[in-house]
Protein chains: 2
Amino acid sequence: MATIYDVAKAAGVSPKTVSRVMNGDAPVNEKTRAAVETAMAQLNYVPSSAARTMRSQRSGLIGMITGAISAVHEFEDAGLPEIYLVQGAQRVFAQANRTLLIADSGGRADRIPALLQTFREHRVEGVLYVADYHQQVSLPQSLRDGRIVLANCFDAEDTPCVLPDDEGGQFALVDGLIRRGHRRIAYLTLPEHYAACALRVSGYRRAHAENGVEIDERLIQVGALPSPTHEFDLLWDALDRVLRAEPTVICCANDKMAMRVYGLLRERGLAIPREMSVAGYDDYRTIAEHLHPGLTSAQLPYAAMGARAADKLLRLITGTQRPAEANRELVSGPVAWRDSVQSRDFNITQLSTRRKET
Amino acid sequence: MATIYDVAKAAGVSPKTVSRVMNGDAPVNEKTRAAVETAMAQLNYVPSSAARTMRSQRSGLIGMITGAISAVHEFEDAGLPEIYLVQGAQRVFAQANRTLLIADSGGRADRIPALLQTFREHRVEGVLYVADYHQQVSLPQSLRDGRIVLANCFDAEDTPCVLPDDEGGQFALVDGLIRRGHRRIAYLTLPEHYAACALRVSGYRRAHAENGVEIDERLIQVGALPSPTHEFDLLWDALDRVLRAEPTVICCANDKMAMRVYGLLRERGLAIPREMSVAGYDDYRTIAEHLHPGLTSAQLPYAAMGARAADKLLRLITGTQRPAEANRELVSGPVAWRDSVQSRDFNITQLSTRRKET
DNA sequence: CGATGTCATGATATCGGTGTCATTAACAAT
DNA sequence: ATTGTTAATGACACCGATATCATGACATCG
């Protein structure tokens with residue numbers, strides 16, 4: 001493999017001049033530059049990032065810790081969409097000339113020290129810590145002393161983080177339902193210990209409050225267990241309870257639950273959306289687009305979160321973080337309206353409202 | 001950041017001895033080793049992989065090119081499961097003390113040269129090229145001159161690759177259906193230009209042949225288009241046609257199609273599995289497990305493929321590839337039997353056969 | 001007992017770049 | 001004419017490891 005010395009010799013200049021051609025840190029004569037570039041091309045020269053890192057003390061590497069890649073959760077296969085988050089981050093980093101080192105915790109926290117060791121050996125300039133669902137985490141001390149940004153999670157120490165706007169997402173969804181004429185909106189929630197649960201319920205409530213619609217508390221039921229062992233039984237019962245409150249639409253905690261609700265409603269002979277509208281959360285396209293009818297769902301903006309988190313980390317690294325900036329950033333996503341929601345009781349006013357919305 | 005010299009000084013030995021403690025390439029006195037290790041711990045020493053790479057000419061890095069991470073296919077969101085492939089590979093590499101550099105082509109082939117440049121700068125020891133579905137690819141020359149293994153794809157130059165055993169998977173599924181008493185087995189296939197299509201159809205045929213069951217050709221229909229624009233119409237018509245041939249079970253090209261078939265069958269008032277059994281392909285658990293009833297599906301063994309591909313690449317790198325070994329390796333997955341398939345016409349013989357199978 | 005081998009360790013060069021400083025020429029400003 | 005400034009380039013040290021070779025202390029062997 002050709003080195004900078006080979007190139008220098010071939011071009012009849014000093015190695016330092018070759019370096020200057022590559023880095024543009026000092027003026028180089030046009031003819032010299034051409035000669036160097038010709039030599040580089042002929043020798044098929046590729047600079048060694050190891051040597052560069054060593055001398056310049058800048059690795060250009062960003063470490064990313066994620067459980068998603070091998071989240072072999074025993075109970076859940078959540079986290080797959082998190083891969084979009086990787087994508088969003090990767091794009092931003094590539095533009096900033098950084099390379100991503102991805103380490104996979106395999107969902108096991110005890111592996112993190114080893115991954116971190118690898119990161120340190122590679123002298124990563126920062127770490128992006130990605131959780132597979134919105135949750136609180138507590139970082140090992142070793143992680144906290146470097147530059148780090150959390151994505152899809154937060155901690156008690158106010159470490160910089162980027163989170164989905166669950167409150168706003170559920171608000172937008174329910175607000176949209178109300179504008180479409182729904183007044184009795186059932187909500188099958190996540191288990192209550194999930195961070196997203198309380199936020200979304202509060203979005204649900206705010207949408208009702210702001211539109212002056214009262215809530216029948218029987219319409220809100222927990223629809224899922226953390227372990228799926230008796231999930232169907234629970235969902236069946238929860239569905240039973242909300243149906244007794246006679247809703248016109250059922251909001252589900254996520255698209256997977258909505259998929260099950262599709263099956264359960266059909267068993268009861270309720271046609272979607274003619275007799276019952278359904279909405280999900282996540283906008284997990286594999287499900288939402290292929291269900292029949294297409295599932296209306298609030299989007300979890302993973303790609304945008306990844307990009308924002310990457311941005312944030314880059315600013316931390318380059319020290320351009322505006323001091324006014326909050327440590328915690330929320331990212332909102334749109335609602336994908338599909339055929340699983342039917343508009344009800346239209347009148348002129350509501351139609352015009354709806355037009356504004358789009 | 002502490003260097004090997006700092007450690008050497010603190011332990012009262014030469015840097016080379018510290019190096020020996022870390023690498024174990026020469027005997028070190030027990031007392032010396034202890035002193036060095038103490039010094040390393042106290043100084044919080046982490047060796048620099050850049051320096052190591054430079055001197056030893058071995059980077060310990062493996063490059064992975066994948067479109068999955070940002071496969072923003074306009075029409076398909078296939079490829080998400082491919083992330084399991086990354087997982088499988090990562091695990092093997094970690095054990096072999098290699099670190100994965102993941103580059104994301106964003107589904108755009110024109111970006112690959114840039115990614116490759118990054119890989120070369122980091123002196124990767126090999127490249128794993130991962131496709132988002134079983135397909136033929138043609139590698140740029142620049143990729144072909146390094147050590148490379150293809151996963152989930154193959155090329156015309158017989159580059160080493162690891163592929164899913166589509167023929168065997170469909171065979172196992174249909175064979176299992178026949179053992180469960182089904183004789184009229186419909187098959188809604190992939191579009192014909194997909195590599196997997198012909199393979200799976202041939203597995204379907206072999207299962208019939210080996211069991212002495214004749215095939216009513218009307219039972220085989222293309223069930224999907226490469227673009228989803230009129231996918232539902234096509235599927236509707238295809239379903240119509242196979243139903244006229246009176247099947248007892250419908251095999252779908254993949255789980256997404258099966259999900260749509262669930263909806264369509266229910267619209268026709270056919271209960272699954274009582275009046276019609278359904279099977280998928282991929283074992284995309286997010287879908288298969290959460291559909292109601294659970295979807296029987298042949299597994300695409302992504303994790304295993306990733307591991308096998310990683311193994312293969314490591315053998316290429318270390319030169320331990322057995323010469324007898326084929327360049328093309330097939331990986332088989334099991335069939336996940338769930339409630340969407342009902343057994344028919346049992347008799348004692350078949351019951352005992354079934355017991356052996358599990 | 002000298003020759004040879006093994007253990008344990010150190011001295012030194014080197015991997016391939018870049019940071020620092022020096023040098024020269026050309027030209028502008030004083 | 002003197003000084004200062006900028007462009008263009010090179011010499012040299014150095015980043016932090018490891019490869020190579022050398023060395024001294026013992027143990028083993030014929």
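Protein chains get the first letters and strands the later ones, always in sequence-line order, with residue 1 at the start of each.
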The side chain of A:Arg123 lies closest to which of these nucleotides: C:dT18, D:dA17, D:dT18? D:dA17
Of the options D:dT9, C:dG16, D:dA17, whose atoms approach the side-chain atoms of B:Gln57 most closely? C:dG16
Which residues pass the side-chain contact (heavy atoms from CB on, under 4.5 Å) test with B:Asp110, sequence neighbours left out? B:Arg108
Partners meeting side chain to side chain donor-acceptor pair (under 3.5 Å) with [X] (sequence neighbours left out):
X: A:Thr17; value: A:Ser14
X: B:Asn29; value: none
X: A:Asp158; value: A:Asn327
X: B:Asp165; value: B:Ser332

In residues 112-130 of chain A, what donor-acceptor pairs under 3.5 Å come from side-chain atoms, sequence neighbours left out?
| residue | atom | partner | partner atom | Å |
| --- | --- | --- | --- | --- |
| A:Gln117 | NE2 | A:Glu121 | OE2 | 3.4 |
| A:Thr118 | OG1 | A:Ala114 | O | 3.3 |
| A:His122 | ND1 | B:Ser49 | OG | 3.0 |
| A:Arg123 | NH1 | A:Arg120 | O | 2.8 |
| A:Arg123 | NH1 | B:Val46 | O | 3.3 |
| A:Arg123 | NH1 | B:Pro47 | O | 3.4 |
| A:Arg123 | NH2 | B:Val46 | O | 2.9 |
| A:Glu125 | OE1 | A:Arg98 | NH1 | 2.5 |
| A:Glu125 | OE2 | A:Ser59 | N | 3.3 |
| A:Glu125 | OE2 | A:Gly60 | N | 2.5 |

Please report the distance, rounded to the nearest Å, between [atom1] in [X] and [atom2] in [N].
X: B:Tyr5; N: C:dA11; atom1: OH; atom2: C1'; answer: 11 Å
X: B:Arg58; N: D:dG16; atom1: CZ; atom2: P; answer: 22 Å
X: B:Asn23; N: D:dA17; atom1: CG; atom2: C1'; answer: 9 Å
X: B:Arg120; N: C:dG17; atom1: CZ; atom2: C1'; answer: 19 Å
X: B:Ile4; N: C:dT12; atom1: CD1; atom2: P; answer: 17 Å
X: B:Asp25; N: D:dT18; atom1: CG; atom2: C1'; answer: 8 Å
X: A:Met54; N: C:dG17; atom1: CE; atom2: P; answer: 12 Å

Give the B/S/- string for nucleotides 20-26 of chain C, one per nucleotide from 5' to 3', where a protein heavy atom under 4.0 Å of the base yields B, of only the sugar-phosphate yields S, and otherwise -. B------
On the nucleotide [N], are OP1 or OP2 found under 4.0 Å from the side-chain N or O atoms that [X] carries?
X: A:Ser14; N: D:dT9; result: no
X: B:Thr3; N: D:dG16; result: no
X: A:Ser19; N: C:dT18; result: yes
X: B:Thr17; N: C:dG10; result: yes

Mind checking A:Val13 for me? I need base, sugar-phosphate or nothing, with any heavy atom below 4.0 Å counting as a touch. sugar-phosphate
Using a 4.0 Å heavy-atom cut-off across all strands, classify A:Met22 as base, sugar-phosphate, or nothing. sugar-phosphate
Applying side-chain hydrogen bond (donor to acceptor under 3.5 Å, both in side chains), which residue pairs with at least one partner in residues 146-156 of chain A are found, sequence neighbours left out? A:Asp155-A:Thr159
Do A:Val7 and A:Val21 have side-chain heavy atoms sitting under 4.5 Å apart? no
Of all the heavy-atom pairs spanning A:Ile102 and B:Gln90, show the shortest one and how long it is. O-OE1, 3.7 Å
Of all heavy-atom pairs linking A:Ile4 and A:Val18, the shortest is CG1-CG1, 3.5 Å
Double-helix bend of the helix from C:dC1-D:dG30 to C:dT30-D:dA1, axes at both ends from 5 pairs, round to 10°, gives 40°
Quick one, which residues of residues 27-52 of chain A touch DNA chain D with a heavy atom under 4.0 Å? A:Pro27, A:Val28, A:Asn29, A:Thr32
Ring pair (Phe, Tyr, Trp, His ring centres under 6.0 Å) contacts touching residues 146-165 of chain B (sequence neighbours left out): B:His134-B:Phe154
A:Tyr45: what forms a ring-ring contact (aromatic ring centres under 6.0 Å, His included) with it, not counting sequence neighbours? none
